[in-house]
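A short write-up of the structure that comes next.
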Amino acid sequence: MPQGSSHRPHQVAVIVDEGTNPFEVGVATELFGLPRPELGLPGPLYEVTLCTPAPEIRMNHGFFTLTGASGLDAVDRADTLVVPGRPDNVVPRAPAVLDAIRRAHARGTRVMSFCTGTFALAEAGLLDGRRAATHWRWADAFRRLHPKVLLEPDVLFVDEGDLLTAAGSAAALDLGLHVWRRDHGAEIANHVSRRLVFATHRDGGQRQFVERPVPQVRDESLAPLLAWAQERLGEPLTVADLAARARVSPATLHRRFRAQLGTTPLAWLTGERVALACRLIERGEERLDVVAARSGLGTAANLRNRLRRVTGLSPSAYRRRFGAGAGEALVS
């Protein structure tokens, strides 16, 4: 299972190639490389190593030169490999970089790409016949170069288990928080997202390009409505209730959710309820009917169905992995 253990933190290697985007390297280190005393754990859950194919690597547009990083042999010790993007995607990657990516995947390492790092995974031959995401601006070029890959051009990220791809630089944060949830549960991921001052959960299937029209008369931000609904998830809220609270028609609310969040009101509401159910289970609530009622999912059967759809786990399996005491056992 790709997560930290009682023996050592989960090792994350980040390949920094010629021309790599600095922002995405920063995202990887921010997500997985910082100490997190706010979690109250006796040690780090992840450790990050930057790996380069040469002693000096010139970053994108020559912003700076990276030196002092580890060599590509560090990839062979990684539990997760992160491949950031770069702008010159039609230029072949160095053979040593592609070999390192192939070796990592062959030995069972979880491989993630950020933004146009998907090109490197495809060039290494890992994505043929697999679903993947990349930045919308490069979708056509990607299809021409890698026609065997099942590109999903309008999503934030794709999780194929051993291969995870994020559509853009900001979507890398979404994917990283998704990995935190997958490895350590919703409660810990919430702590990480709060420190990042970033949305706790945006589903990978949401749209990449979100239109945010400038308000013509008044602020039409959904933030007040979302905060109001999050305090009432256990109540029988409907899309009609949300529309009434916002004083708009359901059709107008739907358009605003699409424009501002890239999803529908019902999908957002369901996602928030599942996230709440996960937190309740992690905090020790064992009665499924209570979890279902308090999260607004209604019945234990609906809870089981929704939780499995989102996490791939049954409630009992989720409790064993992320319930009260699991975190302590993980790093004790």
Side-chain angles (χ1 to χ4, degrees), residues 2-4 9-14 16 20-41 43-50 59-60 79-85 110 112-117 133 135 155-159 164-210 212 221-224 226-227 229-231 260-263 268 271-272 274-276 278-279 282-283 310-311 322 327 330-331:
Q3 58 182 5
H10 184 97
Q11 299 299 306
V12 179
V14 182
V16 186
T20 291
N21 292 325
F23 179 82
E24 290 156 25
V25 177
V27 167
T29 55
E30 178 78 21
L31 282 165
F32 302 116
L34 297 185
R36 299 198 177 275
E38 67 272 18
L39 298 182
L41 300 176
L45 297 177
Y46 301 95
E47 285 183 350
V48 169
T49 301
L50 301 184
M59 304 298 288
N60 181 15
D79 303 303
T80 291
L81 173 63
V82 177
V83 183
R110 178 171 60 189
M112 302 169 55
S113 67
F114 290 167
C115 194
T116 56
H135 195 286
V155 299
L156 294 177
F157 61 83
V158 170
D159 180 351
L164 301 91
T165 50
S169 297
L173 286 166
D174 292 296
L175 179 56
L177 288 171
H178 170 75
V179 167
W180 270 96
R181 285 191 301 273
R182 200 173 99 169
D183 288 356
H184 303 294
E187 192 73 22
I188 285 181
N190 285 346
H191 282 289
V192 177
S193 68
R194 282 196 293 271
R195 180 163 166 181
L196 287 166
V197 195
F198 194 72
T200 302
H201 175 66
R202 291 200 300 168
D203 184 77
Q206 290 188 27
R207 293 165 53 201
Q208 286 185 40
F209 182 72
V210 179
R212 297 179 182 268
S221 168
L222 289 170
L226 303 185
Q230 285 170 330
E231 294 177 354
Q260 296 184 37
L261 299 180
T263 189
W268 177 85
E272 290 297 310
V274 172
L276 176 57
C278 289
R279 294 196 295 273
E282 290 174 31
R283 293 170 184 171
V310 172
T311 69
F322 300 122
L330 190 65
V331 294

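- Shown here for Met59 and Pro22, the closest heavy-atom pair between the two residues is CE-CA, 3.8 Å.
- Under a 3.5 Å cut-off, the side chain of Glu282 and the backbone N or O of Glu187 do form a donor-acceptor pair.
- In terms of heavy atoms, Arg279 sits closest to Ala186 at CG-CB, 4.2 Å.
- Taking the side chain as every heavy atom from C-beta outward, Val16 and Pro84 never approach each other to under 4.5 Å.
- Proximity of Asp183 to Tyr46: side-chain heavy atoms (C-beta onward) are separated by under 4.5 Å at one or more points.
- Ser113 approaches Leu175 most closely through the heavy-atom pair O-CD2, 4.0 Å.
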- request: Kindly determine whether Val48 and Val14 satisfy side-chain contact (heavy atoms from CB on, under 4.5 Å), including the steps that lead there.
  value: CA-CA 7 Å; Val48 169; Val14 182; 4.0 Å; yes

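- Remark: side-chain polar atoms of Thr116 are not paired, donor with acceptor, to backbone N or O of Gly85 under 3.5 angstrom.
- Put simply, the side chain of Gln11 gets close to the backbone of Pro9: a donor and an acceptor are under 3.5 Å apart.
- Taking the six-membered ring for Trp and thresholds of 30 and 60 degrees, Phe157 and His178 have ring planes inclined between 30 and 60 degrees apart.
- Among Asp79, Leu81, Val82, Leu164, the single residue meeting the side-chain contact (heavy atoms from CB on, under 4.5 Å) criterion with Arg110 is Leu164.
- The minimum heavy-atom distance linking Gly185 with Phe322 is given by the pair N-CE2, 3.0 Å.
- Val12 is not listed as a side-chain neighbour of Leu31, based on a closest heavy-atom distance of 4.5 Å or more.
- Two residues are said to be in side-chain contact when any heavy atoms from C-beta on lie closer than 4.5 Å; Arg182 and Asp159 meet this criterion.
- With rounding to the nearest 0.5 Å, the separation of CG in Leu45 from CH2 in Trp180 is 5.0 Å.
- Val192 has its side chain out of reach of His184: every pair of non-hydrogen atoms, C-beta onward, lies at least 4.5 Å apart.
- With contacts defined as side-chain heavy-atom distances shorter than 4.5 Å, the pair Trp268/Leu222 does not qualify.
- Here Pro37 pairs with Pro35, Arg195 under the side chain to side chain contact (heavy atoms under 4.5 Å, CB included) rule; sequence neighbours left out.
- Pairing each heavy atom of Gly26 with each of Thr29, the nearest pair is O-OG1, 2.9 Å.
- Atom CG of Leu173 and atom CD of Glu30 lie 8.0 Å apart (nearest 0.5 Å).
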- request: I would like to know whether Met112 and Val83 meet side-chain contact (heavy atoms from CB on, under 4.5 Å); could you show each step before the answer?
  value: CA-CA 6 Å; Met112 302 169 55; Val83 183; over 6 Å; no

- request: Carefully, step by step, assess Phe32 and Val179 under the rule side-chain contact (heavy atoms from CB on, under 4.5 Å).
  value: CA-CA 10 Å; Phe32 302 116; Val179 167; 4.2 Å; yes

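- Between Leu276 atom CG and Gln230 atom CD the span is 10.0 Å, to the nearest 0.5 Å.
- Among all heavy-atom pairs drawn from Thr165 and Ala133, the shortest one is OG1-N, 2.9 Å.
- Residues passing the side chain to side chain contact (heavy atoms under 4.5 Å, CB included) test with Pro224 are Ser221, sequence neighbours excluded.
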